[in-house]
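Taking it in order: structure first as structure tokens, then the write-up.
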Amino acid sequence: MSGESRDFLFEIGCEELPAAAARAALKQARQLALEVFARHATRINPADLSVWITPRRIAIFVAGVPLEQQPEEIAERGPRAEAAFDKSGAPSKAAAGFARAKGVDVGSLEIREFEGKKFVFAVKRPEPRPVSDLIVDICMQILAGLTFSKSMRWDSSGLRFSRPVRWLVIKFGDETPPGPAAYDNLPVGGSSHGHRFLFPGELAIESAGSYREQLAAAGVVVDQEERRRLILEGLATAAGKLGASFFDPARELEEVIYLVENPSVHFGSFSEEHLRLPEKVLITAMQSHQRYFPLRGEDGSLMAGFLYVMNGDPGCAAEITDGNERVLEGRIEDAEFSYDKDLGAGIEAMAAGLDAVTFHRRLGSLVDKSNRLWSLVELFADLVDLCGPDRKAAATAAKIAKADLVSMMVQEFPDLQGYMGSVYAGLEGYPAEVCQAVAEQYLPVLAGGSLPSSPAGAALSVCDKVDNIVAAFSVGELPTGSRDPHGLRRSAAGLMEICRRFEFDFNLESLLAGSHRLFIEQKTDAGKDASIAGAALEFVLDRLEQRLVESGKAVEIVQAARASGARSLFRIILLADALDTFRSTPAFEDFYTAFFRCSKIAAKAGESVDPASVNESLFVHGSERELYRHAAVMAPKIEALARARKYVEALELAGTIRPAVDRFFDEVLVMSEDGRVRNNRLALVLRVALLLGGLGDPMLVAAAPK
């Protein structure tokens, strides 16, 4: 059977999967299948493995699975060869005991070389089994290995899955192996199901290789990428016929792909009178829940129409379109009612109503949060030297930023928070830059999402995120495992991205501490411990480290930058980039050596040694004075380069101290018997170590993989 192969198919048929579960299965299934096949000593080419997912099925297909296992030999090392056999070649007691322990004949022991020495090995060469005998076990392990954030049990079998599993199809070539005994109530065999409406009933799968074509004939496009292509082509074609273009700001296509098995695109419309509403309101009404695709005319204006993807019989499109139009019309009419009511109230009245809304049961109302935001914006503006119109816009926006949370519109469409506040503020005559800041206060909403585009909006967003982080730390409601109910990880990542985009260079610990003070001054039930700001800082820095590592930076490089003691996210990012560049230059060796020699001795200094207490009158050797003066001249230059964010130049300058360091250690015994001299020398090397360490830890940099 060597060299022969068959196609393999495993289909898990289930009740309609949520799109999130479909994406989770797609992310796992490929690697899981490869691992399970490898565990069964069956080698498959990853390029021959396909995973196809629809709302009702997860299918794993492999072209050309060998008919026979290819088990690897198992070689276990025993005693040295000279201890295993005597001079005549007879096995010793050590060899016999080893063979007995490994379950092999002593005569089958093999002598092999390992690390330049000869040992005996017990070698087992398992007999290959037909893969057809393993297929069911492989499928059951794949089924059990798929995990979901939310899963359920629905019968006594013990099987857990995102949705109830209703059938399994196992095909090896055209054979259908007998089903497992583990799930007696679950149909296992060669029968699948076509489209729920277009092809109800069972569908006998002839072979693994015919699966995709048979499902297509039964109204199911099993390949999600093929569905994506068909949907995009359908949207483009339908929009083109209308002289329009479709768009998808909420990325609903990624959801729709896993909601349909037989996609077709159709057009619907709504009354043009509704176009008086803010554009984003209409777009949200179309995309939120309904997952329609809005249209723009040739002039770029929003059209009173939409495209949608249907999963049913295209012949019934007229009835389905009518139903979709009625649903959307109702949602838009509700939105109009809310909009008009909000306009009648006005944003000032909304802001006044925030005192009736609890921000957190221990931390006061939304009015309290608004007051903290205003104070925090003022503090932040001082830290980053934000002045003039930008400062004024951010401070004004902070006072009304949360007003729309009590609006009827945001209560109906929560995704519009911030945006509706900016609309209402604009209609009441607030300056454009204030409205923009209000609209941008929550950005970025998602990882990699849009950032604020104005300094005022960025300032308000930073302060809002800091307030949220400190609030959670003040009441001990921190992220645990995969749970992050307050979105703190997202807030920390957003802080990093905003600081990088706007080059906000400030001491984050100062802002966090200032935020914590505001909670205390408001006499909230927040924790009073001064360590709260420090814990929040470490949390944000940990998230910064993770994001930089995810972007491709070596973890040692990021940790080296953090070791500088910098409290500015922007500076840590810049320093990590500089260290990554600098480590490939010849000057890095000088920086590394100087730091290593000084820090190694400085570790013996103890808390009683003050680096600022160096006394020149206690110097004995000229090399002491040379090192001291070199460091004194270098320190303000490094500080100036760092202030100008020229970190590579600062690192190059720092490395020039190496000759003075080398001469010092060649000529000077630091640990002098004279206590005053010893402490003076320790203070000197500690001063140099701290000066160089302010640019990061080169020992961590040296440990980073190239």
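- In this structure, Ser370 and Leu354 have side chains that are in contact, with non-hydrogen atoms separated by less than 4.5 Å.
- You'll find the side chain of Leu405 stays beyond 4.5 Å of the side chain of Val357, heavy atoms only.
- Contact detail for Asp390 and Ala456: the closest heavy-atom pair is O-CB, 3.6 Å.
- Although no hydrogens or angles enter the test, the distance criterion places a donor-acceptor pair under 3.5 Å between the side chain of Ser422 and the main chain of Tyr419.
- Between Phe506 and Phe504, the ring planes lie perpendicular to each other; the angle is over 60°, past the 30° to 60° tilted range.
- The main-chain N or O of Gly457 is never found under 3.5 Å from a side-chain atom of Ser461 such that the two would form a donor-acceptor pair.
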Under the side chain to side chain donor-acceptor pair (under 3.5 Å) rule, what do Lys402 and Gln417 come out as? Steps first, then yes or no, please.
-> CA-CA 8 Å; Lys402 305 303 174 184; Gln417 62 181 356; over 6 Å; no
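- Using a 4.0 Å cut-off between charged side-chain N and carboxylate O, Arg276 and Asp340 make a salt bridge.
- Val549 has its side chain out of reach of Gln546: every pair of non-hydrogen atoms, C-beta onward, lies at least 4.5 Å apart.
- Across all non-hydrogen atoms, the minimal contact from Ser454 to Glu440 is OG-OE1, 2.9 Å.
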Take Ser453 and Gln436 through the side chain to side chain donor-acceptor pair (under 3.5 Å) test and state the conclusion after the steps.
-> CA-CA 9 Å; Ser453 58; Gln436 185 175 8; 2.8 Å; yes
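- Of the possible donor and acceptor atoms, one in the side chain of Asp342 sits under 3.5 Å from a partner among the backbone N and O of Met409.
- Using a 4.0 Å cut-off between charged nitrogen and carboxylate oxygen, Arg547 and Glu550 count as a salt-bridge pair.
- Between Asp697 and Arg562 there is no salt bridge, since no side-chain nitrogen of the basic residue lies less than 4.0 Å from a carboxylate oxygen of the acidic one.
- Salt bridge status for Glu433 with Lys392: absent, with no side-chain N to carboxylate O gap under 4.0 Å.
- Residue Leu574 holds its CG atom at 11.0 Å from SG of Cys499, rounded to the nearest 0.5 Å.
- A donor-acceptor pair under 3.5 Å is absent between the side-chain atoms of Arg567 and the main chain of Leu508, judged by distance alone.
- If you take CG on Leu253 and CD on Gln287, they are separated by 10.0 Å, rounding to the nearest 0.5 Å.
- Under the 6.0 Å cut-off for aromatic ring centres, Phe293 and Phe247 do not qualify, their centroids lying 6.0 Å or more apart.
- Under the 4.0 Å criterion applied to side-chain N and carboxylate O atoms, Glu255 and Arg23 are assigned as salt-bridge partners.
- Taking CD1 of Ile520 as the start and OG of Ser474 as the end, the distance is 7.5 Å to the nearest 0.5 Å.
- Here CG of Asn371 is found 11.0 Å from CG of Leu366. Values are rounded to the nearest 0.5 Å.
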Does the side chain to side chain donor-acceptor pair (under 3.5 Å) test come out yes or no for His274 and Glu333, once each step is laid out?
-> CA-CA 8 Å; His274 298 319; Glu333 287 175 357; 4.9 Å; no
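- Using a cutoff of 4.0 Å between basic side-chain nitrogens and carboxylate oxygens, Arg583 and Asp580 are scored as salt-bridged.
- Closest heavy-atom contact between Ala401 and Leu460: CB-CD2, 4.1 Å.
- Without hydrogens or angle criteria, His486 side chain to Leu488 main chain gives no donor-acceptor distance under 3.5 Å.
- Note that Arg291 lies outside the cation-pi zone of Tyr308, set by a 6.0 Å cut-off to the ring centre and a 45° limit from the axis.
- Contact between Ser515 and Asp467 at its shortest, heavy atoms only, is OG-CA, 3.9 Å.
- No salt bridge links Arg543 with Glu538; every basic N to acidic carboxylate O contact stays at or beyond 4.0 Å.
- Across all non-hydrogen atoms, the minimal contact from Leu579 to Leu695 is CD2-O, 3.7 Å.
- Ion pair Asp505/Arg571 flagged as a salt bridge, since at least one NZ, NE, NH1 or NH2 atom sits closer than 4.0 Å to an Asp/Glu carboxylate oxygen.
- Between Glu545 and Lys553, none of the side-chain N atoms (NZ, or NE/NH1/NH2) sits under 4.0 Å from a carboxylate O, so this pair counts as no salt bridge.
- Note on Arg331 versus Glu412: no salt bridge recorded, every NZ/NE/NH1/NH2 to OD/OE distance being 4.0 Å or above.
- A donor-acceptor pair under 3.5 Å is absent between the side-chain atoms of Glu272 and the main chain of Ala304, judged by distance alone.
- Electrostatic pairing of Asp542 and Arg489 does not count as a salt bridge here, judged by no charged N lying under 4.0 Å from a carboxylate O.
- Between Tyr339 and Met420 the shortest side-chain heavy-atom distance falls below 4.5 Å.
- In this structure, Thr284 contributes its side chain and Lys280 its backbone to a donor-acceptor pair below 3.5 Å.
- Remark: Lys341 NZ to Glu336 CD distance equals 14.5 Å, nearest 0.5 Å.
- Judged by distance alone, the side chain of Thr524 and the main-chain N or O of Phe519 form a donor-acceptor pair under 3.5 Å.
- Between Arg500 and Glu497 there is a salt bridge, since a side-chain N of the basic residue sits under 4.0 Å from a carboxylate O of the acidic one.
- Salt bridge status for Asp525 with Arg361: absent, with no side-chain N to carboxylate O gap under 4.0 Å.
- The backbone N or O of Tyr258 sits nowhere less than 3.5 Å from a side-chain atom of Gln224 that would complete a donor-acceptor pair.
- The CG atom of Leu478 sits 11.0 Å away from the CD1 atom of Ile469 when rounded to the nearest 0.5 Å.
- Nearest heavy atoms, Ile400 versus Ala425: CD1-CB, 3.9 Å.
- Looking at Glu252, its side chain never comes within 3.5 Å of a backbone N or O of Tyr292 through a donor-acceptor pair.
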